[in-house]
Asker: 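There's a structure below that I have some questions on.
Just so you know, these numbers use all the heavy atoms, side chains as well, and skip hydrogens, waters and symmetry mates.
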Amino acid sequence: MAQRTVLFVLFDAVQSLDVTGPLEVFMGAEQHAPGTYRIRTASLDGAPVRTSSGLTLVPDRALGDPLDAHTLVVPGGQGTRSPDPALVGWLREHGPRAERLVSVCTGAILLAAAGLLDGRRATTHWAYCDKLAREHPDVEVDPDPIYVRDGHVATSAGVTSGIDLALALVEEDLGREVALGIARHLVVFLRRPGNQAQFSAQLAAQTAQREPLRDVQRWITEHPDADLTVESLATRASLSPRHFARAFQTETGMTPGRYVDRVRLEHARRLLEDTSDGIEEISRASGYGTPEAMRRAFVKALGAAPAEYRRRFRPAPAR
């Protein structure tokens, strides 16, 4: 196959792992199959950049015209908080010429500022999804997946998800065996499905300030198959059901029922991905009681029944 140039855009206060994580994946593919990728880095003027962690990166060259990259990778970091207009202008002009346009973390903010995500589904780091949606209403922001593919544009969530996306792109280009070899070398998991949640139910909700409510949050997580009605949880917190429900939502940002739903779904997804347990056993262990109740929850939240979810997203066993 023809050699593909992968160009990483560098700028001051870039997140170093957003660059080096995916870069190591593509470089690993080139080492495994020489002649498949040419890796390049570039800043606006070709000058070294200082990452948000203080590391200095020296680019290969300046961003120029014409764009000679097959895959253009735009990382994120603190430097995206107030995007450089010159960089945004360069992306607006040259981004559409890339055969594959990729962002890592808040690099999606730069793509959106350049109008390259208009009318597309995209994601970014969970902490910046609201900002992306608010400032760019023409972008369909999905805060849940670790990466999203929409045509030739691919966006990913925070830091390590850039590695997941890069592995998926290498698998697409060179096949699963090459991607698996890289993942083994980097000691990472091949492969987290793109629609795997960015964060757990515990991170999706705020941590309650009061200890009784924090204890309840931990109890729910550790016992998804227990009686998790408001009445039962209120008793555990030594509060009336009404007071408990109001306090829980105020301090965590979601109702007790919503939190329980997320924990149970997350628990069931993990068992489907990581074990060979039967659907009936998983439904009981996750607190659904019956396979039909779990099926309804999966279809509502994920658009797929548990068996289909397992078929699509359980990693193939390594040989």
Side-chain angles (χ1 to χ4, degrees), residues 15 52 76 78 80-81 105-106 108-109 122-137 139-146 148 156-161 192 195-274 282-289 293-294 296-303:
Q15 165 71 258
S52 57
Q78 295 177 9
T80 66
R81 294 180 182 176
C105 196
T106 54
I109 292 176
T123 194
T124 186
H125 189 288
W126 62 267
Y128 294 90
C129 283
D130 286 345
K131 171 183 171 66
L132 180 61
R134 183 175 62 254
E135 296 182 356
H136 301 280
V139 180
E140 182 188 343
V141 180
D142 189 340
D144 193 44
I146 58 174
V148 168
S156 59
V159 190
T160 58
S161 62
R192 290 194 296 172
N195 77 335
Q196 187 176 81
Q198 285 193 36
F199 45 83
S200 66
Q202 298 94 307
L203 289 179
Q206 304 167 40
T207 300
Q209 297 177 3
R210 285 180 279 180
E211 186 61 32
L213 297 181
R214 289 200 300 271
D215 286 342
V216 167
Q217 285 181 287
R218 286 192 292 267
W219 170 263
I220 293 170
T221 302
E222 295 168 1
H223 304 86
D225 58 339
D227 176 6
L228 301 180
T229 60
V230 168
E231 291 74 17
S232 176
L233 296 175
T235 298
R236 180 166 293 277
S238 300
L239 298 170
S240 71
R242 184 176 180 181
H243 186 191
F244 168 77
R246 184 170 60 249
F248 190 95
Q249 182 165 9
T250 298
E251 295 196 19
T252 68
M254 63 177 65
T255 65
R258 177 61 173 155
Y259 188 78
V260 168
D261 287 344
R262 287 198 174 199
V263 166
R264 284 175 168 165
L265 185 68
E266 178 185 314
H267 188 263
R269 288 172 69 167
R270 186 166 62 249
L271 292 178
L272 288 168
E273 293 172 12
D274 297 342
I282 291 174
S283 68
R284 289 197 302 269
S286 303
Y288 289 111
M294 186 169 78
R296 288 196 300 269
F298 266 67
V299 170
K300 179 180 179 181
L302 305 174

Asker: Determine whether V230 and F248 make a side-chain contact, defined as any pair of heavy atoms from C-beta on separated by less than 4.5 Å.
Answerer: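 Contact flag for V230/F248 side chains = no.
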Asker: Give me the atom names and distance for the closest heavy-atom approach of A226 to R264.
Answerer: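 Scanning both residues completely, I find the closest heavy atoms to be O-NH2, 3.1 Å.
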Asker: Side chains of L228 and W219: closer than 4.5 Å at any heavy-atom pair?
Answerer: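 The answer is yes; the side chains approach within 4.5 Å.
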Asker: So which heavy atom on G289 is nearest to which on R284, and how close?
Answerer: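 Closest heavy-atom pair between G289 and R284: O-CG, 3.8 Å.
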Asker: Starting at NZ of K300, measure out to CG of D261 and round the result to the nearest 0.5 Å.
Answerer: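 Reported value, rounded in 0.5 Å steps: 7.0 Å.
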Asker: Between the side chains of R269 and E266, is the shortest nitrogen-to-carboxylate-oxygen separation below 4.0 Å, so that they form an ion pair?
Answerer: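 No, E266 and R269 are not salt-bridged.
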Asker: Would you say E251's side chain and L213's backbone share a donor-acceptor pair under 3.5 angstrom?
Answerer: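 Flag not set: sc E251 to bb L213 has no pair under 3.5 Å.
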Asker: Would you say T123's side chain and D142's backbone share a donor-acceptor pair under 3.5 angstrom?
Answerer: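 Yes.
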Asker: Using 0.5 Å steps for rounding, measure from the OG1 atom of T160 to the CD1 atom of I146.
Answerer: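 Going from the OG1 atom of T160 to the CD1 atom of I146 covers 7.5 Å.
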Asker: CG of L233 to CG of D215: how many Å apart, nearest 0.5 Å?
Answerer: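 The CG atom of D215 is 12.0 Å from CG of L233, to the nearest 0.5 Å.
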Asker: Can you tell if the side chain of Q217 reaches within under 4.5 Å of the side chain of T221, non-hydrogen atoms only?
Answerer: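 They are not in side-chain contact.
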Asker: Supply the atom-to-atom distance R246 CZ to S240 OG, rounded to the nearest 0.5 angstrom.
Answerer: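 Reported value, rounded in 0.5 Å steps: 7.0 Å.
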Asker: Testing the 3.5 Å rule here: is there a donor-acceptor pair between the side chains of H267 and S286?
Answerer: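 Their side chains do contain a donor-acceptor pair, which is all the 3.5 Å distance test asks for.
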Asker: What heavy-atom pair brings V216 and R236 nearest, and what distance separates the two atoms?
Answerer: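 Of all heavy-atom pairs spanning V216 and R236, the closest is CG2-CG, 4.3 Å.
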Asker: Determine whether L265 and Y288 make a side-chain contact, defined as any pair of heavy atoms from C-beta on separated by less than 4.5 Å.
Answerer: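 Sidechains of Y288 and L265: in contact.
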Asker: How many angstroms lie between CG in L271 and CE in M294, if you round to the nearest 0.5 Å?
Answerer: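 It comes to 8.5 Å.
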Asker: Does K131 form a salt bridge (charged side-chain N to carboxylate O under 4.0 Å, His left out) with E135? I'd like the steps, not just the answer.
Answerer: CA-CA 6 Å; K131 171 183 171 66; E135 296 182 356; 2.8 Å; yes
Asker: So which atom in S232 and which in D227 form the shortest heavy-atom distance, rounded to 0.1 Å?
Answerer: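 Shortest heavy-atom contact: OG-O, 3.0 Å.
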Asker: Looking at every non-hydrogen atom in both residues, tell me the closest pair between V263 and P224 and how far apart they are.
Answerer: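 Closest pair (atom of V263, atom of P224, distance): CG1-CB, 4.3 Å.
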Asker: Kindly indicate whether the side chain of Y128, heavy atoms from C-beta on, has any atom under 4.5 Å from the side chain of T80.
Answerer: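 No, every pair of side-chain atoms sits at 4.5 Å or beyond.
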Asker: Donor-acceptor pair, distance only, cut-off 3.5 Å: does the side chain of T124 make one with the backbone of C105?
Answerer: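 Checked: pair present.
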Asker: Would you say the side chain of T252 lies within less than 4.5 Å of the side chain of Y259, judging by non-hydrogen atoms?
Answerer: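 No, side chains not in contact.
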Asker: Output the distance between atom CZ (R218) and atom CD1 (I220), rounded to the nearest 0.5 Å.
Answerer: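 Rounded to the nearest 0.5 Å, the CZ-CD1 separation comes out at 11.5 Å.
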Asker: What's the shortest heavy-atom distance between A237 and P212, and which atoms?
Answerer: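 Looks like O-CB, 3.9 Å.
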